Amino acid sequence: MSVSFSQLSTTPLWESSTCRPISACTLQVGTKSFHSKHRLCQRVCGLKRWMLKSLNLWKPSRDFGVGKELRIIKNQNSPHDSKEETRRPILKFEDGSLHELQLGVSAHVAGSAESPSSIPQTTSMDFPNAGGRSASLCIAVIGATGELARGKVFPALFALYYSGFLPEDVGIFGYSRKNLTDEDLRSIIASTLTCRIDHQQNCDEKLEAFLSRTYYVNGRFDNREGMSKLNTIMEQIEGQSKANRIFYLSVPQEALLDVASCLADNAQTQKGWNRVIIEKPFGFDPLSSHRITQSLLSKFEEKQLYRIDHLLGKNLIENLTVLRFSNLVFEPLWSRTYIRNVQVILSEDFSMQTSRYYDGYGIIRDIVHSHILQTIALLAMEPPISVDGEDIRNEKVKVLRSIRKLDPADVILGQYKASAEENVGINLTSSTPTYFAAALYIDNARWDGVPFLIKTGMGLIKHSVEIRIQFRHVPGNLYRERIGHNINLATNELILRDVPDEAILVKINNKVPGLGLQLDASELNLLYKEKYNSADVPDSYEHLLLDVVDGDNHLFLRSDELAAAWTILSPVLNE
């Protein structure tokens with residue numbers, strides 16, 4: 001006797017508390033078919049429920065906790081047993097607000113099944129499949145209507161989604177205090193979303209799919225209630241599958257702790273990992289930074305915190321460890337024995353945004369504290385035991401703790417003053433520095449006596465981002481008299497440049513072609529735009545957000561790195 005189900009429907013069972021009519025329980029015996037009696041149908045439907053539950057497609061009714069009073073208002077206009085039935089659950093909260101989940105294309109997140117072959121594969125990580133579905137990932141942008149979220153975060157998320165680095169069933173949530181709808185948020189961010197210049201396939205379809213997975217939550221003026229609301233809507237999207245969540249806190253410094261605390265208590269999932277991205281600045285001074293750190297660690301584990309600095313997402317920075325530890329030619333020379341000095345340069349011209357320097361934080365807290373010191377740590381650290389994020393952070397913090405406290409005598413501070421014709425929003429009476437130059441020293445065996453020279457500022461002649469490693473003179477140079485110019489300019493250099501025109505350059509001495517013997521300083525160059533022909537380089541936010549999804553935290557500051565950086569800069573800040 002062969003028994004088969006005529007149709008094993010995967011319609012979400014939480015939309016109907018009973019089995020479908022007896023037509024779903026048709027049995028076949030040889031060539032004959034008959035309808036089972038009521039008792040037999042109950043057993044078969046029970047087996048169906050057990051199979052769906054095993055495939056993680058069964059979602060029983062759930063209690064959302066005291067105070068949420070959630071109820072699903074079903075569409076009364078559709079027939080109960082329609083096979084094409086789709087309903088949009090409406091969530092009613094204790095404040096009286098209603099939220100209709102506009103599932104659109106992503107309705108399968110709440111319970112429909114797909115064959116494994118139909119699920120797009122990501123090149124970043126493997127999202128585990130449950131019953132033929134990808135596990136759910138939800139990303140919430142707190143402060144969704146701010147300039148950073150609209151201009152950087154949402155475009156980066158769409159770029160990752162378009163390129164296949166986010167799962168198809170991802171849920172994107174915007175959270176703020178403004179009274180908006182899902183469609184309002186979609187309209188706000190739609191104009192900022194663009195497809196890769198070098199791809200462009202199915203751009204409109206991908207854009208529509210991404211926007212259909214974007215939802216808005218009005219947090220009003222009570223973050224505790226707002227985070228509970230966010231959690232409830234996320235749970236509806238996630239269903240019973242394993243669920244991971246990322247929270248991007250794009251909020252002002254003064255709102256950070258309240259938002260983080262309410263998030264920790266009300267919006268974390270219990271079915272997967274939670275990761276929290278925090279924007280700089282990370283405090284105003286060592287004391288305020290310590291208080292923020294202690295407050296965060298009272299609510300989260302260290303491994304959940306990702307302190308982001310977008311400048312660390314540049315390819316120049318991500319390539320430092322690759323260049324050092326995968327090329328035999330560099331690592332043996334990487335010490336005080338052969339290196340004369342290291343220069344880290346970040347200069348900005350008038351076209352760059354300047355407002356961030358004039359809110360009291362200045363260039364030391366904004367650029368030097370995180371970007372410059374992290375760059376030096378990656379350059380100077382010992383080889384880690386692996387490329388695991390924690391192993392790299394362990395080596396970075398050793399370097400930071402070895403850096404000598406800055407002596408104000410070794411520092412030059414300056415401020416750009418705009419002319420009357422220039423409208424760059426600069427407060428002429430402010431004492432906030434916009435230019436910083438200093439010499440740092442690392443007191444360890446590898447770098448003892450080697451100056452790390454920093455120059456960073458705005459309003460300079462050109463926009464430039466580069467690292468220059470200058471090597472020592474050749475002892476007893478046989479061609480000293482033949483160089484033809486200053487011997488100090490004839491030393492070998494390794495130049496890692498990000499702006500303008502990303503490149504790796506090696507400066508060497510070379511014989512000028514022709515009769516006679518004359519030496520000249522020449523450059524061996526790797527120009528990225530010529531070698532890789534990349535028309536559209538991913539934004540640094542894309543790099544860093546992908547690292548968060550993958551759990552790679554080596555470019556994010558750990559609490560002990562943060563404290564060590566403040567220790568280095570404290571004498572100058574106090575002065």
Side-chain angles (χ1 to χ4, degrees), residues 62-73 88-104 106 109-110 138-154 157 170-190 192 211-238 243 245-270 274-279 292 295-296 298-300 304:
R62 60 169 71 177
D63 181 6
F64 287 88
V66 179
K68 294 200 175 71
E69 300 181 3
L70 177 143
R71 59 190 181 92
I72 300 178
I73 305 174
R88 291 180 178 176
I90 300 177
L91 309 183
K92 183 174 182 180
F93 297 89
E94 59 184 2
D95 61 1
S97 63
L98 297 176
H99 190 96
E100 181 179 9
L101 293 183
Q102 303 174 18
L103 298 180
S106 62
V109 177
C138 286
I139 303 174
V141 182
I142 314 301
T145 56
E147 182 179 350
L148 175 63
R150 290 184 287 108
K152 291 293 185 180
V153 181
F154 283 116
L157 290 174
V170 67
I172 307 295
F173 297 83
Y175 176 100
S176 78
R177 293 180 175 181
K178 293 186 177 180
N179 188 20
L180 302 175
T181 64
D182 292 347
E183 288 302 325
D184 292 334
L185 178 63
R186 293 166 185 170
S187 298
I188 290 172
I189 67 174
T192 67
L211 292 175
S212 72
R213 291 166 169 78
T214 303
Y215 312 96
Y216 180 76
V217 177
N218 181 3
R220 300 179 183 272
F221 293 95
D222 185 346
N223 283 319
R224 189 169 301 278
E225 180 181 326
M227 291 298 171
S228 296
K229 183 186 298 186
L230 174 63
N231 180 63
T232 300
I233 298 175
M234 281 183 166
E235 287 180 334
Q236 283 294 306
I237 300 300
E238 293 163 349
R245 294 180 183 179
I246 295 173
F247 301 90
Y248 195 116
L249 305 190
S250 179
V251 298
Q253 185 78 16
E254 57 272 15
L256 173 62
L257 292 184
D258 179 62
V259 170
S261 177
C262 294
L263 184 161
D265 293 338
N266 300 279
Q268 295 195 83
T269 182
Q270 303 301 316
N274 299 274
R275 293 170 184 162
V276 182
I277 304 174
I278 302 169
E279 269 284 351
I292 293 173
S295 178
L296 292 173
S298 69
K299 296 292 185 177
F300 303 98
Q304 294 180 263

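What you are looking at is a predicted structure, and each value in this text was computed from that prediction instead of being measured.
- Taking CG of Asn218 as the reference point, atom OG1 of Thr181 lies at 10.5 Å (rounded to 0.5 Å).
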- Message: Let's go through Asp258 and Ser261 carefully: what are the C-alpha distance in whole Å and the side-chain angles of both, what is the deciding distance for side chain to side chain donor-acceptor pair (under 3.5 Å) to 0.1 Å, and is it a yes or a no?
- Response: CA-CA 5 Å; Asp258 179 62; Ser261 177; over 6 Å; no
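- Here the closest non-hydrogen pair linking Cys138 and Phe173 is SG-CE1, 3.6 Å.
- The minimum heavy-atom distance between Ala144 and Ala149, with the atom names listed, is O-CB, 3.5 Å.
- The distance from atom CG of Asn231 to atom CD of Gln236, rounded to the nearest 0.5 Å, is 10.5 Å.
- Closest approach of Val217 and Gly226 over heavy atoms only: CG1-O, 4.1 Å.
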- Criterion side-chain contact (heavy atoms from CB on, under 4.5 Å) on Asp184 and Asn179, from CA distance to verdict: CA-CA 9 Å; Asp184 292 334; Asn179 188 20; over 6 Å; no
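- The distance from the CZ atom of Arg150 to the OG1 atom of Thr192 is 8.5 Å, given to the nearest 0.5 Å.
- A 4.5 Å side-chain heavy-atom check between Leu230 and Ile142 finds at least one atom pair inside the cut-off.
- Residue Asn274 holds its CG atom at 6.0 Å from CD of Gln304, rounded to the nearest 0.5 Å.
- No side-chain heavy atom of Lys299 sits less than 4.5 Å from a side-chain heavy atom of Leu263.
- With contacts defined as side-chain heavy-atom distances shorter than 4.5 Å, the pair Leu180/Ile188 qualifies.
- Rounding to the nearest 0.5 Å gives a distance of 5.0 Å between CD1 of Ile139 and CG of Leu157.
- Across all non-hydrogen atoms, the minimal contact from Leu185 to Tyr215 is CD2-O, 3.5 Å.
- Side-chain atoms of Ser295 never come within 3.5 Å of backbone atoms of Ile292 as a donor-acceptor pair (strictly under, hydrogens ignored).
- Interatomic distance, Met234 CE to Thr269 OG1, rounded to the nearest 0.5 Å: 9.0 Å.
- For Met227 against Val259, the heavy-atom pair with the smallest separation is CE-CG1, 3.8 Å.
- A 4.5 Å side-chain heavy-atom check between Arg177 and Thr145 finds every atom pair outside the cut-off.
- Contact record, Ala267 with Arg245: O-NH1, 2.6 Å, taken as the closest heavy-atom pair.
- Residues Tyr175 and Asn223 have side chains in contact (heavy-atom distance under 4.5 Å, counting atoms from C-beta outward).
- Contact of the Glu279 side chain with the Leu148 side chain is registered, since non-hydrogen atoms from C-beta on lie closer than 4.5 Å.
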